[in-house]
Amino acid sequence: MEKVLIKDAHIVNEGTIMRGDVYIEHGIIVEISQNLSVKGPDVHVFDAEGKHLLPGVIDDQVHFREPGLTHKATIGSESRAAVAGGITSFIEMPNTIPQATTIEKLEEKFTRAAETSHANYSFMFGGTNDNLSEIKKVDRSKVAGLKLFLGSSTGNMLVDDEEVLREIFKSTDLVISVHCEDEETIKKNLAIYKERYGDDIPINMHPIIRSEEACYLSSSKAIALAKETGARLHVFHLSTAKEMELFSNKIPLKDKKITAEVCIHHLWFSDEDYEDKQTLIKWNPAVKKKTDRAALWEALLDDRLDVIATDHAPHTLEEKQNVYTKAPSGGPLVQHALPAMLEKYHEGKISLEKIVEKMCHNPAILFEVEKRGYIKPGYYADLVLVDLNNPWTVTTDNILYKCKWSPFEGNTFKSRISHTFVNGQLAYKNFKVYDEKHGKRLTFNR
């Protein structure tokens, strides 16, 4: 579709909601106004019928499992689910098999995404204890950033050599995104509970094993190192009330050197949900207490937390249903993240404008993504039409993840995503993802 006109939408953008039309040519937003009239046989008109039009979501943390773990997911399968969930751009993590810890392996992932991705894409380069020379080669204008695991998670990429870590922080101007959990604390806690229960540790012990202390020790250390070296640090998936004291809302996001993220599951679930959901909500860092969840919401709304992401990390249902020590952490979220946040809007927890700020605008600011994350003339037409009053229930039949399960299965959401546009092309409409792929490699204003 070379020319698209979206009529009569409630446009949510930059802290306001206005009723109007959006005209797109060749994938770029040309004009935003009321009562636009553009005629011609080549103009595709979409009557929004008073639906809300949002910028496409930019998810800065996903695991699409390709290469090497494609029995769980692929870039193709999970990007399909992403556009169905209103996520038009994603940044994928390096802990695949092989890991994206060399320029060669990173570029192989870009090549694969160019062939198969329904959404726009970029990838994090992975840091290890012994690849500093490769880190220094990364072109910051072409790659989203650097990912470091300061606590081991899926994949063996733990950076635990303190001198190496300091040297990485000193040697790169990439955005350094970190998974913060203290490995020694976790090992000590796990040994206690393995001695008591063997491998079949009750799942409600997970936030005790991967504890508040483990999170705080690691995140506070990373922040201290960033302050010492001047590194640009982004802390992924915060999960505890205590960590909120480490972050500030005193300056605008564009000026922050240390930024923070919260994920959907830590905003939605608490430790009270383990009894029902069991290992389906086993994540690292762990879902913790209701008081932690409340503190995360408070920090999100007062801008100490800058971004909402998914940490989408699918495993097969068979894998997840193993005993505690063998059940991997992580779960699929990209298809249901935006509907989940819209549910919180209906509950009066967060405004539509704030959702757009945290899921669309702020990831674009933080990673300096070029011409995405906003509804503005000159920007790529990554857009999502949402019907706020069209309930639907998550079922196996409408789950698009390759793993075919969701922690939200059985949930009824009040809001439905009706259309998703990627680069001005209709990628999704009412539970149908179109086969044609329109995703492009993200570029960065650096």
Side-chain angles (χ1 to χ4, degrees), residues 57 59 62-66 69-88 90 92 116-119 154 203 206 263-270 272-283 287 309-324 326-344 346 384-420 427-435 437:
V57 172
D59 190 348
V62 304
H63 302 263
F64 283 177
R65 305 304 193 198
E66 190 173 4
L69 297 163
T70 53
H71 69 287
K72 303 175 193 277
T74 66
I75 292 170
S77 67
E78 306 314 282
S79 65
R80 287 181 78 251
V83 297
I87 293 170
T88 56
F90 65 83
E92 208 258 357
T116 64
S117 185
H118 293 263
T154 306
I203 184 60
H206 188 54
C263 288
I264 297 294
H265 43 287
H266 292 122
L267 293 172
W268 186 278
F269 299 105
S270 77
E272 294 181 2
D273 293 302
Y274 284 117
E275 185 176 358
D276 177 42
K277 297 291 184 179
Q278 294 290 306
T279 52
L280 296 186
I281 61 166
K282 185 187 181 194
W283 275 281
V287 168
T310 68
D311 193 15
H312 173 91
H315 302 280
T316 68
L317 194 56
E318 182 181 15
E319 290 167 334
K320 289 294 282 185
Q321 290 174 335
N322 275 314
V323 295
Y324 175 83
K326 296 179 181 178
S329 292
L333 282 167
V334 288
Q335 187 182 349
H336 303 106
L338 181 55
M341 290 307 300
L342 293 171
E343 200 67 15
K344 295 303 178 183
H346 284 290
V384 183
L385 269 176
V386 172
D387 188 339
L388 290 178
N389 296 292
N390 192 355
W392 63 288
T393 301
V394 181
T395 67
T396 305
D397 290 341
N398 57 38
I399 291 170
L400 296 180
Y401 312 125
K402 185 171 183 177
C403 66
K404 295 301 291 181
W405 66 271
S406 166
F408 289 111
E409 189 169 346
N411 269 81
T412 296
F413 292 122
K414 293 184 177 68
S415 300
R416 182 179 303 193
I417 295 163
S418 64
H419 300 71
T420 302
Y428 167 85
K429 180 181 178 182
N430 293 327
F431 294 111
K432 174 179 172 57
V433 180
Y434 293 96
D435 290 336
K437 300 166 185 67

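Contact between Ile75 and Glu66 at its shortest, heavy atoms only, is N-OE1, 2.9 Å. Looking at every heavy atom in both residues, Tyr274 comes nearest to Val287 through OH-O, 2.7 Å. Across Asn322 and Ala327, no two heavy atoms sit closer than the pair O-CB, 3.6 Å. Between Pro314 and His63 the shortest heavy-atom distance is CD-O, 3.3 Å. Closest approach of Ser415 and Val386 over heavy atoms only: CB-CG1, 4.2 Å. Heavy-atom minimum distance, Cys263 versus Thr310: SG-C, 3.9 Å.
For the side chain to side chain contact (heavy atoms under 4.5 Å, CB included) with Val57, the qualifying choice from Val83, Thr88, Ile87 is Ile87, the only one to do so. Checking each of Thr395, Thr396, Thr393 against Glu409 for a side-chain hydrogen bond (donor to acceptor under 3.5 Å, both in side chains) leaves exactly one that passes, namely Thr396. Here the rule is side chain to side chain contact (heavy atoms under 4.5 Å, CB included) with Arg65, and of His315, Glu78, Glu92 only His315 fits it.
Aromatic ring centres of Tyr428 and His419: separated by at least 6.0 Å.
The side-chain heavy atoms of Phe413 and Leu342, taken from C-beta on, include no pair separated by under 4.5 Å.
Side-chain atoms of Ser79 do not come within 3.5 Å of backbone N or O of Ser117 as any donor-acceptor pair. Checking side-chain atoms of Asp59 against main-chain N and O of Phe90 turns up no donor-acceptor pair under 3.5 Å. Looking only at distances, a side-chain donor or acceptor of Gln335 sits under 3.5 Å from a matching main-chain atom of Asn398. Under the 3.5 Å distance criterion, the side-chain polar atoms of Lys282 are left unmatched by any main-chain donor or acceptor of Gly330. Between the side chain of Trp392 and the backbone N or O of Thr412, no donor-acceptor pair lies under 3.5 Å. With His118 contributing its side chain and Ser77 its backbone, the two residues share no donor-acceptor pair below 3.5 Å. Here the side chain of Lys344 pairs no donor or acceptor atom with the backbone of Pro339 at under 3.5 angstrom. Under the 3.5 Å distance criterion, the side-chain polar atoms of Asp276 are left unmatched by any main-chain donor or acceptor of Asp273. No donor-acceptor pair under 3.5 Å is formed between the side chain of Glu275 and the backbone N or O of Glu272. Looking at His312, its side chain does come within 3.5 Å of a backbone N or O of Val334 through a donor-acceptor pair.
Under the 3.5 Å distance criterion, with hydrogens and angles disregarded, no donor-acceptor pair is assigned to the side chains of Thr316 and His71. No side-chain donor-acceptor contact under 3.5 Å links Ser418 and Asp387. Remark: the Thr279 side chain and the Gln321 side chain contain no N/O donor-acceptor pair separated by less than 3.5 Å.
Between His265 and Trp283, the ring planes lie parallel to each other; the angle is under 30°, not in the 30° to 60° tilted range. Between Tyr401 and His336, the ring planes lie perpendicular to each other; the angle is over 60°, past the 30° to 60° tilted range. Taking the six-membered ring where tryptophan is involved, the planes of Trp268 and Phe408 are perpendicular, since the angle between them exceeds 60° and thus also 30°.
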For the pair Arg416 and Leu388, evaluate side chain to side chain contact (heavy atoms under 4.5 Å, CB included) and give the outcome as yes or no after the intermediate values.
-> CA-CA 6 Å; Arg416 182 179 303 193; Leu388 290 178; over 6 Å; no
Given side chain to side chain contact (heavy atoms under 4.5 Å, CB included), test Lys402 with Thr74 step by step and report yes or no.
-> CA-CA 8 Å; Lys402 185 171 183 177; Thr74 66; 4.1 Å; yes
Evaluate side chain to side chain contact (heavy atoms under 4.5 Å, CB included) for Leu333 paired with Asp311, printing each intermediate quantity in order.
-> CA-CA 8 Å; Leu333 282 167; Asp311 193 15; 5.9 Å; no
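Atoms CZ and OG1, from Phe64 and Thr70 in turn, are 14.5 Å apart once rounded to the nearest 0.5 Å. Here CD of Glu343 is found 11.5 Å from CG of Leu338. Values are rounded to the nearest 0.5 Å.
Of the charged side-chain nitrogens involved, none lies within less than 4.0 Å of a carboxylate oxygen, so that Glu319 and Lys326 do not count as a salt-bridged pair.
Heavy atoms of other residues, nucleotides or ligands lying less than 6.0 angstrom from NZ of Lys277 number more than 12.
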